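All remarks here apply to the structure that follows.
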Amino acid sequence: MSQKTSLLIEEKDLRILLMNILQKGKQRIVAPLRGYDGGDGGGDDNLKYFFREVHSQEEIAQLPLAQFDKLQTHISPKEFFFPRYAPVLKYQTISSTEVKLSDVSADAFGNVDNAGNAKETIILGLHPCDAVGLSLLDRVFTWDYDDNFYLKPRESTTLLTFACSKIGAHCFCTGVGGAPDEQRGSDLLFSRMHVGSGDGFHISVLTPKGERLVAEHLSHLSSVAVAPPTIAPAERSVIDLLDRKESLKSMFDSSLLVQQTYSCLGCGVCAMVCPTCHCFDIIDEDHPGSIGVGERMKIWDACSFALFSKHGGGHNPRDLQCKRCRQRYFHKLVYYPEKFSERSLCVGCGRCARACPVGLDIYSAVTSVTSATSAVSAAAIEGGTNGNR
Amino acid sequence: MGIEELRQYAANILRDGRVKLLIGYGEGGDGRVVPMFITATEIERCSQLIYDQRCTYNLSVYLLKAEIKSLWSGAVNLSGKVALVAKVETVRSALGLIAENQIKKEDLCLLGVRGVGAVAAAGAVGTEGDWSSISSYCERVFDVGEDVGGDIGEKNSHRLPEKLDQEIDALLKKSPEERLHFWRQHFASCIRCYACRQICPHCFCSTCIVEKSMPQWVSPVSSESGNFSWNIIRAYHLVGRCVGCGECARACPMGLRLDLLNRYMVKMVQEKYSFKAGLSAEDKPPLTTYHLNDNQDFIK
Ligand code: SF4
Ligand code: SF4
Ligand code: SF4
């Protein structure tokens, strides 16, 4: 089979293709779907899309394919590999000295079936930042141990990324080494362009997974020698945060950093919506009505939570919210890049800024702190707390 | 007049040392509003204070935050005062916090802002009755509100009490099964970020019940059952304390209608106890007090 590296497809044919895939039922399709609006019509339209499994032909007919190059999903696609909660083992207490452990299989989100196999999945409509985010997460989940809970669904998922034709509000991928048409992490990269008689896409086939999908479903298309359309440079001029790393490090104790995060309330929204935040907690959850029989669960956690770093004895080394924010910024821009020799754990998707209930964002906080000419040592803050505030 | 007056007043009280910190609203870029924290060393920032339709934050939540507290009430000097640019719910939350012994009345300087024009139409107005109860706790009340246009007012208006009441009435007309389905849909999507708790001035417990793990009273797993426990328990804990600012619903990234839940509680408390939270700094929330002559006929 000759390798196909560039294809062109009309938008309507892409829709038909998706309908066929759904009908064949071999792969499940995940795409940005409008979230439940709570019955009140919802607020900002942009915030209302979530990656969800597509179940019907009607849903495919309604997919806003023409918007995929600008549509922002509220939560990143990490949910499909690292769901907000998932069992890791089953336990059954036999006696005070004996507990029987067994493997779990299915999770509640359909990522893994009852036999423990990950479902073949196509995620459609993610942006280049999301795909890069997943390849950064891969490094964490294969670092000192291969986390199969993450890896299995990851291996059986093909990523159909849509290059961004427009840099959205709060986006800053170009400030953390990315680009609106970056290829890393994606299996197929779609770029909007005129095809045939109407709207369509240029497809760059980037990986063996992408090739397999093309061979399976797009074998009728012939490879073209057309380059993907160039994406207009960011309308928003973005400061390069990678250049600011050393400066940020020198600000570890700076009162400026404290001031920048005065408004943070310590909710975990920023971490939960982020494509690369990956901290989790482990808890044992008894089955309803039974004691000592249940499942050990992995659940999303966030360094913004006061409880996150609280020790069993009650001491909390990150006793103030400003230290928790600092941890998040430093993990993204300093610790992870140094540990994994990567550019940055933040991919600049802007989700945290869009979701923060008090308008805080990592980009503005870090740029303004590092724009200051000299570090100011933080005045000792009194009234450190062990509580939530 | 209007906002200029507020800015000057804010600068004055910082300059003459009557307050150490002022918390208000400012521009955050990209059309966002951010909370502003102004101390006496940067009085000029008072000229950036704003008040318009986008200013929905209930700034009373910052009264108890450790870093912020350290700006106005160090362990050494307990006489510091903090000023708040306070719309009606902010005032009411502050009064609730005083009533529940979280902050001292004399530490607080409330600069009431009574929205006018489009700002008032966008909610956060307060009734005449509300203002006549709470004005006396304010250092001053400013009739202020810049109309920034757009459809923000309309977007906020679905949080107005009358609108919520209509939705509640419609919900109550449904069968219990339909209602359960409605809340199932909501609770199923909760991701347990706890933004609802963190943004609420009245969720001030230093350890939330959901964080107590021995025993684990409330499951922290974001499954349907865990979420039912969490959301219902949070609503219960706010009965008679919630002032209905709607911030939890606004903060919720998943769009859960916490405003409906809380509004219903507010209505029940009004009906059963003729009590409206945060109209006085002295009256305790009904469910946190006990009187010998309390109605007891519910005990069977
Ligand atoms: S930065 Fe914003 S979203 Fe993140 S914890 Fe703080 S208040 Fe919540
Ligand atoms: S830190 Fe914010 S901008 Fe960066 S990847 Fe995470 S959600 Fe996106
Ligand atoms: S803010 Fe919404 S999603 Fe977060 S814990 Fe509260 S109800 Fe759940």
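Chain A is the first sequence line, chain B the second, and so forth, proteins listed ahead of strands; every chain is numbered from 1. The structure presented is a predicted model; accordingly, all values stated were derived computationally and were not measured.
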For atom [atom1] of [X], is the number of surrounding heavy atoms from other residues, nucleotides or ligands below 6.0 Å larger than 12?
X	atom1	answer
A/H287	NE2	yes
A/Y91	OH	yes
A/R52	CZ	yes
A/I282	CD1	yes

Distance check, rounded to the nearest 0.5 Å: [X] atom [atom1] versus [Y] atom [atom2]?
X	Y	atom1	atom2	value
B/S189	A/F50	OG	CZ	7.5 Å
A/Y262	B/E67	OH	CD	8.0 Å
A/E285	B/S225	CD	OG	6.0 Å
B/K65	A/L320	NZ	CG	8.5 Å
B/S223	A/Y85	OG	OH	5.0 Å
B/Y62	A/C264	OH	SG	8.0 Å

Do the non-hydrogen side-chain atoms of [X] and [Y] ever get within less than 4.5 Å of each other?
X	Y	answer
A/C267	B/R197	no
B/P220	A/I283	yes
B/Y57	A/S263	no
A/I299	B/R192	no
B/V34	A/V358	no
B/T207	A/K310	yes

Side chain, backbone, both or neither: which part of [X] has a heavy atom under 4.5 Å from chain A?
X	value
B/C190	backbone
B/A170	neither
B/I68	side chain

Closest-packed option against chain A by number of heavy-atom pairs under 4.5 Å, given B/A249, B/G28, B/G226, B/S219: B/S219
Side-chain donor or acceptor of A/H74 paired with backbone N/O of B/P253 under 3.5 Å: yes
Nearest heavy-atom neighbours spanning A/S364 and B/R32: OG-NH2, 4.0 Å
Closest contact, heavy atoms only, B/Q198 versus A/L265: NE2-O, 2.8 Å
Chain B contact via A/I75 - side chain, backbone, both or neither, heavy atoms under 4.5 Å: side chain
Option that, when pairs with chain B are counted at under 4.5 Å, heavy atom only, ranks first among A/M297, A/M272, A/K298, A/Q259: A/M272
